[in-house]
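Written below as structure tokens is the structure these notes are about.
The residues of the chain are indexed from 1 along the displayed sequence.
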Amino acid sequence: MTIENISVNKSFGGWNKQYTHHSEALNCKMRFAIYLPPQASNGQKVPVLYWLSGLTCTDENFMHKAGAQALAAELGIAIVAPDTSPRGEGVADDAGYDLGQGAGFYVNATQAPWNRHYQMYDYVVDELPKLIESMFPVSDKRSIAGHSMGGHGALVIAMRNAEAYQSVSAFSPISNPVNCPWGKKAFTAYLGRDTNAWQDYDASLLMRKASVFVPALVDQGEGDNFLGEQLKPEVLQAAAKVSGYPLTLNLHEGYDHSYFFISSFIEQHLRFHAAHLRD
């Protein structure tokens, strides 16, 4: 596979880089960012944390705003952040911010015109890790995390592929998309009107019936203006109680949906993943 390096910045002794490549899964050119800690330059294969961003974001939001590189360098963890959807001329789009380019929802679309490109689930689960593990000095130990739409994606992907991930975490995830406006709009477009097809992409439904567990950490701001209508962490917590899922869910007074919130608690998430990636 051919990849093109489009930016390089040294950071805390490691390297923050961006690449583009042609994705077979998505049938278009894709971009991702990777932070390689200094240990990766010393002949050591390091574990990887995959970060999935939220609506309207790209691969750059987390790398520029979360302030994760210093601790990732200390812990010896690579971070990979893909874009949030396929993009480009000929890729289906929508006028709304919550559908189309920038809003892939980490599903495999089955409905036209979306099914030609919008196979983000396969891209994140299969194609991207294979590329990363073949092109960079990383091990096959993986964890996954995300924010909002990306928190939904991280939880769903970890629970559906428990053998592939050591841990999962999320900030402000869309926890019950089959029952919120964002999820209903996206799932109707990408997956069709048969709501049975939606259930494999709902973190709360998956957690309720789970029998194989990936340790999970979720942080949610109580000042988040999307909390009641869109995010529904209480549904996720209730599901964990039914199955005995190892979920830690923390609520934080006053914090909103922004990267100010993420940067305030990213250290706890990185240390959580580091502990499991060492196991």
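- Leu217 shares a hydrophobic cluster with Phe272; the chain of contacts runs through ILVMFWY side chains whose heavy atoms sit under 4.5 Å apart.
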Assess whether side chain to side chain contact (heavy atoms under 4.5 Å, CB included) is satisfied between Met63 and Ile79, documenting all intermediate values. CA-CA 9 Å; Met63 294 301 194; Ile79 301 174; 4.0 Å; yes

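- For His147 and Phe226, the gap between ring centers reaches or exceeds 6.0 Å.
- The environment of NZ in Lys141 is crowded: more than 12 heavy-atom neighbours from other residues, nucleotides or ligands sit within 6.0 Å.
- Of the listed residues (His276, His269, His273), just one forms a side chain to side chain donor-acceptor pair (under 3.5 Å) with Ser167, and that residue is His273.
- Here the two rings, on Tyr19 and Phe136, have centers that are under 6.0 Å apart.
- Other residues, nucleotides and ligands place no more than 12 heavy atoms under 6.0 Å from the OH atom of Tyr255.
- Checked for salt-bridge contact, Glu89 and Lys29 miss the test: no charged N lies under 4.0 Å from a carboxylate O.
- Separating the CD atom in Gln220 from the NE2 atom in His257 is a distance of 8.0 Å, to the nearest 0.5 Å.
- Grouping the Ile, Leu, Val, Met, Phe, Trp and Tyr side chains by contacts below 4.5 angstrom, directly or via other members, places Leu52 with Leu231.
- No single ILVMFWY cluster, assembled from side-chain heavy atoms under 4.5 Å apart, contains both Leu251 and Phe261.
- Residues that satisfy the salt bridge (charged side-chain N to carboxylate O under 4.0 Å, His left out) test with Asp59, not counting sequence neighbours, are Arg31.
- Nearest heavy-atom pair across Pro113 and Ala92 is CG-CB, 3.8 Å.
- Using modelled atom types, one side-chain atom of Gln119 and one backbone atom of Asn115 make a donor-acceptor pair closer than 3.5 Å.
- For the atom pair Leu206 CG and Leu155 CG, the distance stands at 9.5 Å (nearest 0.5 Å).
- Ile132 and Leu277 fall into different hydrophobic clusters, defined by Ile, Leu, Val, Met, Phe, Trp and Tyr side-chain heavy atoms under 4.5 Å apart, directly or through other members.
- Linking Ile, Leu, Val, Met, Phe, Trp and Tyr whenever their side-chain heavy atoms come within less than 4.5 Å leaves Phe171 and Tyr106 in two separate clusters.
- Heavy atoms from other residues, nucleotides or ligands lying under 6.0 Å from OH of Tyr97 number more than 12.
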Decide yes or no on side-chain hydrogen bond (donor to acceptor under 3.5 Å, both in side chains) for Asp83 and Tyr123, but give the supporting numbers first. CA-CA 11 Å; Asp83 202 349; Tyr123 178 70; over 6 Å; no

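- The backbone N or O of Ile34 lies less than 3.5 Å from no partner atom in the side chain of Trp15, so there is not a single donor-acceptor pair.
- Annotation: side-chain contact (heavy atoms from CB on, under 4.5 Å) contacts of Lys65 (sequence neighbours excluded): Asn61, Tyr259.
- Separating the CG atom in Asp202 from the CE atom in Met207 is a distance of 10.5 Å, to the nearest 0.5 Å.
- Between the NE2 atom of His21 and the CD atom of Glu127 there is a distance of 5.5 Å, given to the nearest 0.5 Å.
- A side-chain donor from one of Ser258 and Asp256 sits under 3.5 Å from a side-chain acceptor of the other.
- Looking at every heavy atom in both residues, Thr84 comes nearest to Gly54 through CG2-O, 3.6 Å.
- Atoms CE and OG, on Met159 and Ser243 in that order, are 8.5 Å from each other to the nearest 0.5 Å.
- From Glu60, atom CD reaches atom OG of Ser7 across 7.5 Å, with rounding to the nearest 0.5 Å.
- Classification of the Tyr118-Tyr190 ring pair by plane angle, with boundaries at 30° and 60°, yields parallel.
- Ring centroid separation for the pair Tyr201 and Phe105 does not come in under the 6.0 Å cut-off.
- Note: the hydrophobic cluster containing Met120 also contains Leu55 (ILVMFWY, side chain heavy atoms under 4.5 Å, direct or indirect links).
- Considering every non-hydrogen atom in both Val212 and Ala162, the closest pair reads CG1-CB, 3.7 Å.
- Between Ala73 and Pro37, the shortest heavy-atom contact is CA-CB, 3.9 Å.
- When all heavy atoms are compared, the tightest approach of Ile266 to Ala66 is CG2-O, 3.5 Å.
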